[in-house]
Amino acid sequence: MPELPEVETTRRGIEPPLLGRRIESIVVRDPRLRWPVTDSVQAACGHEVTAVRRRAKYIIIEVGDGGLLLHLGMSGSVRILTEDEPPRKHDHFDILTREATLRYCDPRRFGSFSWCPRPFEAHPLLNGLGPEPLSEAFSGDHLYRRSRGRRAAVKNFIMDGRIVVGVGNIYASEALFMAGIHPSRAAGRVSAARYAALARAIQDVLGRAVRQGGTTLRDFSGAGGTPGYFAQELLVYDREGRPCLQCGTSITRRVIGQRSSFYCTSCQR
DNA sequence: ATCGGGACCTGCTTGC
DNA sequence: TGCAAGCAGGTCCCGA
């Protein structure tokens with residue numbers, strides 16, 4: 001469900017109700033996430049939220065001497081409650097302020113929730129991460145330099161968080177199509193010029209999706225998991241057998257690195 | 001160092 | 001209608 005645009009949309013959605021508010025309590029109903037949720041998250045209680053940031057697909061709810069580190073995994077979502085509501089299946093925990101409650105739901109339990117002391121970058125889950133795709137630190141030149149000598153498929157390469165963060169399965173397919181690069185081409189065999197086009201494509205597609213408020217999480221009432229209206233803008237993803245919008249060739253689906261990949265055999269080389 | 005594959009989960013859709 | 005297989009937007013960890 002959540003790629004970077006959805007995570008950023010979630011961040012923007014929970015920032016107003018949390019920023020400047022004191023965390024009164026954290027109620028863990030079901031600690032079984034990717035890693036068991038421990039009592040260490042209670043360190044945030046009694047503190048005021050000073051910022052709600054995003055790093056890669058993590059959301060960091062900052063308080064005094066640390067932050068709550070949140071990942072939505074494949075199926076995670078949060079909603080903001082302003083009145084009591086009985087928990088549903090897969091509602092794992094609540095973060096309560098006086099005014100509102102953040103409730104986290106994650107059926108597949110690939111998400112995570114943990115306490116992160118400062119400095120955040122030192123946390124094992126955050127250190128070693130590559131640049132943010134929408135930051136100055138990310139460029140075609142960066143991709144080019146990091147890819148020399150690599151034989152892995154370029155699609156896997158750009159989905160590797162140590163190279164660049166936030167490029168998930170959908171947008172990897174989309175960006176490669178926009179740049180005209182075949183997803184299974186060896187990363188080390190893509191020219192600097194084509195990496196420049198790829199970096200632009202990644203920034204363009206992620207930037208547009210963020211500006212549109214993501215897709216499935218536009219509201220926080222727990223929408224259902226299918227692609228929202230951004231799906232209409234997808235050029236190749238989930239379009240197997242349908243005509244390429246550039247040349248009419250039937251779009252191919254193939255598993256690369258255990259993930260479905262969609263591309264045009266004629267436009268992408 | 002790099003790579004591919006397996007692992008972790010539930011729920012929905014598809015096909016026999 | 002029922003049941004099993006296949007599929008899903010992430011990413012960590014392992015052995016080669």
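Heavy-atom basis, side chains included; hydrogens, waters and symmetry copies ignored. Lettering follows sequence order; numbering is per chain, from 1.
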Which listed nucleotide ([options]) is nearest to the side chain of [X]?
| X | options | value |
| --- | --- | --- |
| A:Ala152 | C:dG10, B:dG11, B:dC3 | B:dC3 |
| A:Asn169 | B:dC3, C:dG10, B:dT10 | C:dG10 |
| A:Arg253 | C:dC7, C:dG10, B:dC3 | C:dC7 |

Taking the [atom1] atom in each of [N] and [M], what is the distance between them to the nearest angstrom?
| N | M | atom1 | result |
| --- | --- | --- | --- |
| C:dG6 | B:dG6 | P | 15 Å |
| B:dG11 | C:dC12 | P | 24 Å |
| B:dC12 | C:dT11 | P | 23 Å |

For [X] and [N], give me the distance from atom [atom1] to atom [atom2], rounded to whole Å.
| X | N | atom1 | atom2 | answer |
| --- | --- | --- | --- | --- |
| A:Ile256 | B:dC3 | CD1 | P | 15 Å |
| A:Leu129 | C:dT11 | CG | C1' | 11 Å |
| A:Arg108 | C:dG10 | CZ | P | 10 Å |
| A:Met159 | B:dT2 | CE | C1' | 17 Å |
| A:Asp106 | C:dA8 | CG | P | 18 Å |
| A:Trp35 | C:dG10 | CH2 | P | 15 Å |
| A:Arg254 | C:dC7 | CZ | P | 15 Å |
| A:Asp91 | B:dT10 | CG | C1' | 15 Å |

Can we say [X] and [Y] salt-bridge, meaning some charged N sits less than 4.0 Å from an Asp/Glu carboxylate O?
| X | Y | result |
| --- | --- | --- |
| A:Arg22 | A:Glu48 | no |
| A:Glu24 | A:Arg21 | no |
| A:Arg12 | A:Glu15 | no |
| A:Asp94 | A:Arg29 | yes |

By a strict heavy-atom criterion of less than 4.0 Å, which residues belonging to residues 52-59 of chain A are in contact with DNA chain C?
A:Lys57, A:Tyr58

Taking any strand in view, what nucleotide pairs with B:dC9 in a Watson-Crick or G-U wobble way, both distances under 3.5 Å?
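The answer is none; no pair meets the criterion.
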
Does A:Arg34 get its side chain close enough to the base of C:dT11, under 3.5 Å, for a donor-acceptor pair?
yes

Does any donor-acceptor pair link the side chain of A:Gln258 with the base of B:dG6 at a separation under 3.5 Å?
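Counting by modelled atom types and ignoring angles, a donor-acceptor contact under 3.5 Å is found here.
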
Just wondering, more than 12 heavy atoms not from A:Arg118 lying within 6.0 Å of its CZ?
yes

Less than 5.5 Å between centroids and less than 30° between ring planes, does A:Phe110 satisfy that with B:dC8?
yes

Under 4.0 Å, counting only non-hydrogen atoms across every strand here, what does A:Arg109 touch: a base, just sugar-phosphate, or nothing?
sugar-phosphate

Remember a base hit wins even if backbone is also touched, and classify A:Arg259 as base, sugar-phosphate or nothing at under 4.0 Å, heavy atoms.
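Here A:Arg259 touches the bases of the nucleic acid.
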
Between A:Tyr104 and A:Phe113, ring centroids under 6.0 Å
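Ring-ring flag for A:Tyr104/A:Phe113: false, centres at least 6.0 Å apart.
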
Does [X] make a side-chain N or O approach to OP1 or OP2 of [N] shorter than 4.0 Å?
| X | N | result |
| --- | --- | --- |
| A:Lys89 | B:dT10 | no |
| A:Ser75 | B:dG11 | no |
| A:His90 | B:dC9 | no |

Looking at A:Ile170, is its backbone amide N or carbonyl O close enough to the side chain of A:Ser173 to form a donor-acceptor pair, meaning the two atoms are under 3.5 Å apart?
no

Would you find a donor on one side and an acceptor on the other, under 3.5 Å apart, between the side chain of A:Ser112 and the backbone of A:Arg34?
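No, the answer is negative, given that no donor and acceptor are paired below the 3.5 Å cut-off.
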
Can you spot which of A:Leu18, A:Val49, A:Leu102 makes a side chain to side chain contact (heavy atoms under 4.5 Å, CB included) with A:Thr97?
A:Leu18

Judged by nearest nucleotide, the residue sitting upstream toward the 5' end of DNA chain B, A:Ala153 or A:Arg32, is A:Ala153

